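Let me begin by presenting the structure, written as structure tokens, before commenting on it.
For clarity, every value in this text was computed on a predicted model and none was experimentally measured. Just so it is clear: chains get the letters A, B, ... in the order the sequence lines come, proteins before strands, and each one is counted from 1.
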Number of protein chains: 2
Amino acid sequence: MSRNRLPQEEANGGTDAGQGSPARPTILDLAALCGVSPATVSNALAGKPNVKAQTRDLVLRKAREIGYHASSTARGLRMGRSWSIGLVVGDIANPFVPDVVRGVEDVVWRERKNLILCNTDFQAEKKTAYVRSLLDKQIDGMIVLSQILDDQDMERVEAAGIPLVTVNRRAPGHSCDYVGIDNQAGVRMAMDYLVSLGHRRIGFIKGLFRSSSADDRLAAYQEAVAAHGLDSDPSLVVQGDYSMESGDSATRNLMAAQRPTARPTAIVAANDLMALGALGALHDLGIKVPSDVSVVGFDNIQLAEHPLLNLTTINHPKRETGDSAARLLLQRIAGDRGDPPRSVILKPSLIVRGTSAPPSAAAVAKPRRRSASQPEKNQAEKKQAAGT
Amino acid sequence: MSRNRLPQEEANGGTDAGQGSPARPTILDLAALCGVSPATVSNALAGKPNVKAQTRDLVLRKAREIGYHASSTARGLRMGRSWSIGLVVGDIANPFVPDVVRGVEDVVWRERKNLILCNTDFQAEKKTAYVRSLLDKQIDGMIVLSQILDDQDMERVEAAGIPLVTVNRRAPGHSCDYVGIDNQAGVRMAMDYLVSLGHRRIGFIKGLFRSSSADDRLAAYQEAVAAHGLDSDPSLVVQGDYSMESGDSATRNLMAAQRPTARPTAIVAANDLMALGALGALHDLGIKVPSDVSVVGFDNIQLAEHPLLNLTTINHPKRETGDSAARLLLQRIAGDRGDPPRSVILKPSLIVRGTSAPPSAAAVAKPRRRSASQPEKNQAEKKQAAGT
DNA sequence: TTGTAGGCGTTATCAT
DNA sequence: ATGATAACGCCTACAA
């Protein structure tokens with residue numbers, strides 16, 4: 001147990017006890033080596049003004065020489081910080097997420113803080129447990145991406161005085177820094193664009209209900225439908241869950257209508273993954289995109305621009321999202337704890353690619369009159385000239 | 001400074017000093033509350049046998065009551081661990097990476113350890129700085145994905161006695177636990193499959209040079225070329241850097257040959273991203289896949305199975321990779337520091353999708369005879385029945 | 001300008 | 001079965 005450090009003993013020199021690693025030098029070792037007190041070493045290393053240039057240089061030199069590095073743990077205990085920030089995500093494997101993470105990492109790295117990645121899988125218990133773990137670790141701050149914390153977790157974070165930035169989902173009751181995108185504007189851009197192409201019957205694949213962003217996007221769709229006087233058949237709105245599979249099946253539902261005119265000439269999906277699912281479904285169904293049906297996504301994930309996908313979509317500045325969140329957080333950490341909560345709302349933009357075009361002449365011309373009462377199920381018959 | 005804790009004072013009760021959060025309870029608070037010593041509390045919480053069931057229950061109950069949680073920092077300082085493991089990746093935004101991360105997170109989470117994500121961008125300085133930071137934090141272990149550490153960093157890690165698992169790239173000099181995939185087998189499967197379809201002239205887009213996995217994959221390609229007696233024109237091997245763009249331009253090079261017979265009938269890429277780039281380039285060039293040219297990737301990233309991409313590829317068990325790495329690491333951490341290094345080599349598998357088919361009749365029929373004294377390098381003529 | 005002396009919150013050792 | 005005590009390595013009043 002007793003390290004038994006004698007005054008002039010060489011740094012960690014004496015007992016090379018057996019096998020283990022040589023026990024890295026402490027500030028005491030360095031102090032002894034420099035012939036000064038640990039306090040002076042500490043001050044010197046911290047660049048405090050109250051230390052003679054000469055001694056500071058000596059300390060710095062010797063420190064580098066023996067490769068001294070202060071223990072984060074020890075100074076963390078002393079100073080009550082940990083120089084790491086917690087990043088709570090739902091699913092890192094969702095292509096939207098890594099780009100945001102990248103943005104966060106970039107600015108966090110500049111301050112030499114570490115990122116503790118918490119993948120909750122959207123499970124409440126995992127979320128709670130991670131938050132606890134982060135608080136136990138005395139993290140400097142926390143970013144929660146695309147999900148909300150329980151009230152109880154929220155309170156714990158607040159009680160601990162840990163700055164928190166939420167991204168993409170506002171926490172209902174609580175008020176904290178927030179980074180998001182103007183969902184309404186984004187969807188509106190998509191809708192306006194499709195309308196300008198001539199579409200009047202536009203389907204919408206919405207995201208999970210309980211999410212504020214999903215609500216915003218749906219609301220924007222509905223407003224656009226009203227504003228432009230578009231077909232507002234409730235069957236034009238189908239539920240998805242942000243996954244590709246859900247986009248696939250939602251699209252099959254959308255296109256399953258018996259009467260051809262009941263089917264949308266364009267589909268807007270609340271995110272790219274579902275839009276890609278739609279593309280897949282349409283492909284399987286033999287429905288041409290964009291000649292028969294246009295598809296517009298939301299997010300502009302990396303692969304959306306692949307020539308074979310070539311998805312028209314609304315760009316969500318992902319990296320910038322992470323960047324802003326991290327900046328907000330660092331500012332909080334730096335001091336202004338009391339200031340009122342701030343919000344950064346990023347601007348979406350329309351990326352026109354290959355999955356959108358004016359509706360086919362057939363589809364536009366069609367609704368002249370409907371024959372009579374046939375419960376028909378024809379979908380493939382008006383397939384002839386699909387002008388790309 | 002002085003918290004001034006009196007013997008019977010209620011836990012953190014006295015001085016509600018001003019604004020700040022109420023300072024979470026320490027083990028001393030809990031001990032006082034329970035009327036026992038902090039040591040007993042510690043033992044009780046740790047489930048040590050030397051504590052009366054009755055007192056243990058009391059402690060546990062009270063602890064839950066006041067929401068006591070031990071400070072990770074303090075116990076970390078005392079015990080020399082941090083219950084967090086460092087995960088060093090090159091680029092989290094590369095679609096291959098998050099799946100591996102997910103595997104790591106999954107098993108690490110089971111032990112309630114945290115993941116510190118270090119995104120190096122493949123920059124040497126960032127890598128070094130991150131490693132240092134991790135060591136300062138007393139991480140329990142470290143996983144390095146698809147890159148290698150400098151000798152110096154490596155030594156530091158070893159000197160600190162921190163278990164290290166490398167993934168996908170072996171560290172040249174040093175020996176540590178390793179998780180990888182049988183690259184040679186993977187590429188061989190791709191090649192054998194293409195040969196079985198009748199291809200004799202297969203292009204290869206290789207990855208970055210200095211990587212062992214890239215070397216292995218290239219070597220396997222060359223061996224397959226030799227083994228099957230395929231065309232071995234050096235122009236059939238082009239350099240990529242694992243990015244989609246590089247796959248695109250590499251493919252353009254491959255297809256730029258003047259003589260049609262100089263162009264490959266199939267392309268194997270060292271990863272999916274490059275294969276997707278190839279698909280894009282071929283699409284732009286108006287070359288039909290798979291009828292004109294077949295494409296096979298490596299990794300089987302999530303979007304490879306999209307109906308519009310539908311990439312034939314070699315599956316790399318990504319999640320399992322992360323899983324194995326984490327398991328190996330946890331075992332090391334648990335104790336067997338001295339044991340010889342272990343390796344886990346995962347098995348690749350062929351996923352046949354839509355980008356592969358027998359070569360077109362034209363391409364096969366073409367090389368019927370070549371005039372005369374051409375400084376030839378004939379390799380494609382004995383192509384007829386390639387039994388699957 | 002430098003040194004001394006706590007104390008951050010735990011756990012481990014050794015008494016009792 | 002429980003308690004006093006000493007570290008773990010660092011920072012920071014305060015004294016010199």
Note to self: My understanding is that only residues two or more places apart in sequence, or in another chain, count here; which of them pass salt bridge (Lys or Arg N to Asp or Glu O under 4.0 Å) with B:R342?
What the structure shows: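 Partners of B:R342 by the salt bridge (Lys or Arg N to Asp or Glu O under 4.0 Å) criterion, ordered by chain and then number, come out as B:D177, B:D336.
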
Margin query: Going by salt bridge (Lys or Arg N to Asp or Glu O under 4.0 Å), name the residues that satisfy it together with B:R170, two or more places apart in sequence or in a different chain.
Written below: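 So B:R170 forms no salt bridge (Lys or Arg N to Asp or Glu O under 4.0 Å) with any residue.
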
Next item on the list: Starting from Watson-Crick (N1-N3 plus N6-O4 or O6-N4) and G-U wobble pairs under 3.5 Å, report the runs of at least three that DNA chain C belongs to.
Entry: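 So the stems come out as C:1-16 with D:1-16.
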
Mind calculating the distance between [atom1] ([X]) and [atom2] ([N]) to the nearest angstrom?
X	N	atom1	atom2	answer
B:L77	D:dA7	CG	P	14 Å
A:I27	D:dT12	CD1	P	11 Å
B:D136	D:dG9	CG	P	14 Å
B:L30	D:dT2	CG	C1'	15 Å
B:Q138	D:dC10	CD	C1'	13 Å
A:L28	D:dC8	CG	P	9 Å
A:R81	C:dG9	CZ	C1'	18 Å

The criterion is side chain to side chain donor-acceptor pair (under 3.5 Å); which residues satisfy it with [X], sequence neighbours excluded?
X	result
B:S72	none
A:T120	A:Q147
B:S324	none

Check: Looking across every strand, which nucleic acid part, if any, lies under 4.0 Å from B:T73 by heavy atom: base, sugar-phosphate, or nothing?
Finding: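 The residue B:T73 makes no contact with any strand.
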
Output side-chain donor-acceptor pairs under 3.5 Å for residues 32-47 of chain A, partner residues at least two apart or in another chain, one line each.
from	atom 1	to	atom 2	distance (Å)
A:S37	OG	A:A39	N	3.3
A:S37	OG	A:T40	N	3.2
A:S37	OG	A:T40	OG1	3.3
A:N43	ND2	A:A39	O	3.3

Next item on the list: Specify the residues of residues 39-53 of chain B, ordered by number, for which at least one heavy atom lies under 4.0 angstrom from an atom of DNA chain D.
Entry: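 Result for residues 39-53 of chain B: B:A39, B:T40, B:N50, B:V51, B:K52, sorted by number.
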
Next item on the list: Specify the residue among B:S37 and B:M79 whose closest nucleotide of DNA chain D lies further upstream toward the 5′ end.
Entry: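 The residue whose closest nucleotide sits nearer the 5' end is B:S37.
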
Margin query: I'd like to know if the side chain of A:R24 pairs up with that of A:H69 as donor and acceptor (distance under 3.5 Å, no hydrogens or angles considered).
Written below: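 Absent: no donor and acceptor within the cut-off.
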
Margin query: If I take atom CD1 from residue B:I143 and atom CG from residue B:L115, how far apart are they, to the nearest 0.5 angstrom?
Written below: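 Rounded to the nearest 0.5 Å, the CD1-CG separation comes out at 7.5 Å.
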
Donor-acceptor contacts under 3.5 Å from residues 56-64 of chain B side chains, at least two apart:
none

Item checked: Among D:dC10, C:dT10, C:dT2, the one nearest A:Y68 by side-chain distance ->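 So the side chain of A:Y68 is nearest to D:dC10.
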
Notebook entry, point to check: Quick one: is C:dT2 close enough that its OP1 or OP2 comes under 4.0 Å of any side-chain N or O from A:T55?
Noted result: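 The answer is yes; a side-chain N or O of A:T55 sits under 4.0 Å from OP1 or OP2.
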
